[in-house]
Each structure stands twice: as C-alpha cells, then as structure tokens.
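In what follows, every chain begins at residue 1, and chains take the letters A, B, ... in the order their sequences are listed.
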Amino acid sequence: MTNMPFDLGNRIEVNPNAVHDTDPAVYIARVGDALRIPRRGDVVTVIQPEDDPSEADYVSTARVTDVDKMRGLITLVVDWQGFHDVPRIPVSIDPAAGHGTFLLAVQSSVGRTRLFIGFDASHRSLVNEFLDTTVNARSHVEPTGDPDPFLALTQ
Amino acid sequence: VAEETQYTYVDRTAKDLKLEVGELLVIRLWSWTKERLQKDAEDEHFKAEQTNRRLSYYSISTFAMPLGLGEEVPELTDRLVGYVRTKRTARHYCLVTEPELAAAGFQLILSGPHEHHYDVPLGEDRLDLDAVAKLADLFGTEKIKMPR
C-alpha cells in the first residue's frame with residue numbers, strides 16, 4: 001500500500017502574494033507556470049507547490065479568461081478561498097496485473113477522495129483519464145467498500 | 001526548492017515583534033525561499049514588461065498594515081491575517097516588521113490595487129541576488145499556519 005497524490009491534470013502555479021496592479025479580480029500567470037497551455041474558458045487546477053516535500057501541495061481551481069501566447073501570459077480568475085490540500089489516494093499496485101498495466105485497488109479512503117467533489121466538471125474526465133491511462137480499464141479497479149469506485153471518486 | 005531548510009511550524013508566531021504606532025507589520029504568504037523570491041521578482045518584472053507596465057524596479061509582493069494607536073502587535077497580527085484571508089489564502093505565512101526590513105536596507109512601496117499591498121524592491125536595472133538571499137533570511141524559517 002502506498003499513498004499517491006491524485007493526478008491533477010493540467011495545473012498552473014500561482015503566487016498568492018502577487019496582485020494585478022489594476023484589476024484585483026484577475027491573476028496573470030506565465031505560460032511557463034502551466035503544465036500545458038490551456039484554452040480560454042478552461043477550468044484548471046491552480047497550485048501553490050509546497051517547499052517541504054513532506055507537506056501536500058495546496059490546490060484550488062481557476063477559470064482561464066485569456067491566453068496570450070505571444071506575450072506568454074495566461075489570465076485567470078482564481079478561487080482563492082477554495083485552496084485545500086491535494087488528496088492522496090492509498091492504492092495498491094500490482095505491476096504483474098495483465099498487459100503491463102497496473103491493478104489499482106481503491107481502498108476505504110474513498111471518503112478522502114471525495115474531496116474532489118464539486119471541484120469542477122473537468123475532474124470527472126481527469127479521474128476517467130487517470131483510471132483509463134493508468135489502469136487501462138475501469139474494470140481493473142477493485143472496489144473495497146463502494147459498489148462503484150469510479151462513481152465514488154467522481155460523485 | 002529549499003531542501004536544506006528546516007522550518008518550524010507554529011500556530012502563532014514565537015517572534016518578539018516590536019512596532020511603534022504607524023509602523024508596518026508585513027506578511028508574506030506561501031513561500032519565501034530565495035529561489036521563490038527570485039522567481040517572483042523575475043515574473044513580476046516580466047509580466048509588467050509584457051503588459052506595457054514598465055516597473056522601475058524588480059520586486060516581490062507582500063501585504064502589510066500599520067500598528068494602530070493603542071493596538072498591540074497580536075491584535076494587529078489578527079487584523080492583518082483576517083484582512084489577507086479575504087483576498088488570498090495559503091497554508092502558511094511568515095511575519096516581519098518594517099523596522100526589521102529597514103535595518104536590513106529594504107523599502108516597502110505601496111503598490112495596490114489592494115490598499116494594503118506592498119512591493120519590496122530588489123534592484124533597479126537588474127535583480128540583486130544578494131538582496132534576494134538577505135530577504136529570504138529575514139523572512140526566516142518560521143511557518144505560521146494560516147487559519148481557514
């Protein structure tokens with residue numbers, strides 16, 4: 001059994017000290033602060049990475065209101081009140097399970113993973129992507145308390 | 001990443017912060033390693049240039065409030081943290097006083113648009129990395145838990 005940080009998908013680093021000098025409602029990030037360049041209208045994870053590796057990163061969500069690739073800037077409306085620890089999911093990994101994929105058993109920590117509830121609609125697809133790409137099939141997920149671990153993760 | 005830094009985690013500061021009426025108590029959120037401060041200063045300068053806002057200096061951002069008449073430092077701390085909580089959140093913060101910054105050669109420049117947002121300049125034509133390191137040391141290794 002190990003604790004894996006949840007796959008947050010696209011994420012953009014933000015600095016809570018920095019304030020836009022004319023419009024406090026928006027935050028300007030550099031393109032280099034994003035894992036991938038988002039599109040206008042995307043809802044992305046924003047992250048305050050933790051210096052101390054024993055501490056979980058602090059995350060929230062933001063809506064992308066502009067992407068200026070020429071200037072290398074991304075304009076965000078950040079949910080500053082929504083920051084919380086990145087959930088860690090206790091998983092057991094069996095590298096020998098079928099076709100080189102992993103067998104993930106979602107343990108009784110589904111309550112913790114429900115911290116993602118209400119994050120944003122994109123997290124359903126992120127969870128789906130996480131399960132599909134890592135486990136390679138939803139059927140490889142073994143429930144250990146909920147009848148449907150995928151729904152337990154996403155509802 | 002400050003892999004060598006040993007932080008002390010506290011709920012309230014253990015520092016003996018001394019302020020006269022009107023002097024500022026300064027709060028820095030999230031991270032204040034020299035690597036982080038350097039990146040912040042470079043980022044802010046870059047963003048200003050790209051949006052045609054020519055900053056006359058490299059700087060990092062903080063929030064600060066002055067000690068009020070009859071107010072004690074713990075009361076000011078609660079007022080400052082309460083104010084900042086309405087604008088931004090972070091897991092931890094650190095505190096330093098305006099006299100501590102001034103004694104080390106740093107300025108605080110009110111920068112807005114929030115009424116209590118301040119820049120700490122760290123060089124004019126170029127980022128002064130010695131000043132960055134000195135400021136990181138001044139912010140220290142005490143991480144105070146920010147109330148949720």
Side-chain angles (χ1 to χ4, degrees), chain A residues 5 11-34 37 45-62 65-88 115 119, chain B residues 1-7 9 26-37 39-53 55 59-64 84-94 111-120 136 139 141 143 145-146 148:
Chain A
R11 75 209 71 171
I12 300 175
E13 186 176 299
V14 293
N15 171 9
N17 300 281
V19 176
H20 191 283
D21 64 355
T22 57
D23 185 357
V26 303
Y27 178 88
I28 308 293
R30 295 180 68 169
V31 164
D33 293 330
I37 299 175
T45 299
V46 284
I47 183 167
Q48 298 174 32
E50 182 57 49
D51 301 328
D52 184 342
S54 68
E55 294 269 332
D57 290 330
Y58 217 39
V59 296
S60 185
T61 54
T65 59
D66 191 44
V67 179
D68 187 336
K69 292 181 185 175
M70 290 292 290
R71 290 177 169 168
L73 301 175
I74 302 167
T75 306
L76 303 168
V77 175
V78 177
D79 177 7
W80 290 106
Q81 302 304 319
F83 273 92
H84 60 273
D85 293 352
V86 175
R88 288 176 176 263
L115 286 171
F119 238 48
Chain B
V1 176
E3 64 275 8
E4 302 298 329
T5 304
Q6 295 296 311
Y7 291 105
Y9 293 90
V26 180
I27 185 171
R28 167 77 187 183
L29 305 175
W30 172 37
S31 172
W32 44 91
T33 65
K34 64 176 187 288
E35 294 84 0
R36 176 60 58 192
L37 297 181
K39 182 178 186 309
D40 288 359
E42 291 170 345
D43 283 354
E44 291 309 305
H45 202 266
F46 175 83
K47 291 181 217 174
E49 281 186 335
Q50 294 303 309
T51 52
N52 300 317
R53 294 177 292 114
L55 277 180
S59 67
I60 59 102
S61 292
T62 64
F63 291 88
V84 171
R85 272 289 282 113
T86 67
K87 309 296 181 191
R88 298 297 168 90
T89 55
R91 185 185 284 116
H92 298 109
Y93 65 89
C94 69
S111 60
H114 294 312
E115 61 177 317
H116 300 296
H117 188 258
Y118 288 79
D119 290 341
V120 180
F139 282 141
T141 57
K143 285 201 170 192
K145 185 175 181 182
M146 192 165 198
R148 300 197 181 194

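- Across Arg36(B), Lys34(B), Lys143(B), a single residue satisfies salt bridge (charged side-chain N to carboxylate O under 4.0 Å, His left out) together with Asp51(A), and that is Lys143(B).
- Each of Asp23(A), Val19(A), Thr22(A) was checked for a side chain to side chain contact (heavy atoms under 4.5 Å, CB included) with Pro113(B), and the lone residue meeting it is Val19(A).
- Contacts of Phe46(B) with chain A are made by side-chain atoms alone, with heavy-atom separations under 4.5 Å and no backbone atom involved.
- Partners of Tyr118(B) by ring-ring contact (aromatic ring centres under 6.0 Å, His included), not counting sequence neighbours: none found.
- A donor-acceptor pair is defined here as one N or O able to donate and one able to accept, closer than 3.5 Å; no such pair exists between the side chain of Lys47(B) and the backbone of Leu73(A).
- For the pair Glu50(A) (side chain) and Ser31(B) (backbone), a donor-acceptor distance under 3.5 Å is absent.
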Candidate pair Thr89(B) and His84(A), rule side chain to side chain contact (heavy atoms under 4.5 Å, CB included), full reasoning:
CA-CA 9 Å; Thr89(B) 55; His84(A) 60 273; over 6 Å; no
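- Counting only heavy atoms from C-beta outward, the side chains of His92(B) and Glu55(A) approach each other to under 4.5 Å.
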Requested in this report: Using the side chain to side chain contact (heavy atoms under 4.5 Å, CB included) rule, take Asn15(A) and Leu29(B) through it: C-alpha gap first, then chi angles, then the decisive distance, then the call.
Outcome: CA-CA 8 Å; Asn15(A) 171 9; Leu29(B) 305 175; over 6 Å; no
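- Two residues are said to be in side-chain contact when any heavy atoms from C-beta on lie closer than 4.5 Å; Glu44(B) and Asn17(A) fail this criterion.
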Where do Asp79(A) and Arg88(B) land on the salt bridge (Lys or Arg N to Asp or Glu O under 4.0 Å) test, with the steps shown first? CA-CA 9 Å; Asp79(A) 177 7; Arg88(B) 298 297 168 90; over 6 Å; no
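- Of the listed residues (Asp40(B), Ile27(B), Asp119(B), Thr62(B)), the one with the most heavy-atom contacts under 4.5 Å to chain A is Asp40(B).
- In this structure, the portions of Arg85(B) lying under 4.5 Å from any heavy atom of chain A include both its backbone and its side chain.
- With rounding to the nearest 0.5 angstrom, the CD atom of Gln81(A) is 10.0 Å from the NZ atom of Lys87(B).
- In terms of non-hydrogen atom pairs under 4.5 Å with chain B, the most contact-rich of Arg71(A), Arg30(A), Met70(A) is Arg30(A).
- With hydrogens and angles ignored, the 3.5 Å screen pairs no side-chain donor or acceptor of Trp30(B) with any backbone N or O of Tyr58(A).
- Between Lys39(B) and Glu13(A), the closest side-chain pair of non-hydrogen atoms falls below 4.5 Å.
- Neither the backbone nor the side chain of Asp68(A) comes within contact range of chain B; no heavy atom of the residue lies under 4.5 Å from a heavy atom of that chain.
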- Query: How far apart are the C-alpha atoms of Arg91(B) and Asp85(A), what are their side-chain angles, what is the distance that settles it, and do they pass the side chain to side chain contact (heavy atoms under 4.5 Å, CB included) test?
  - Reply: CA-CA 9 Å; Arg91(B) 185 185 284 116; Asp85(A) 293 352; 2.5 Å; yes
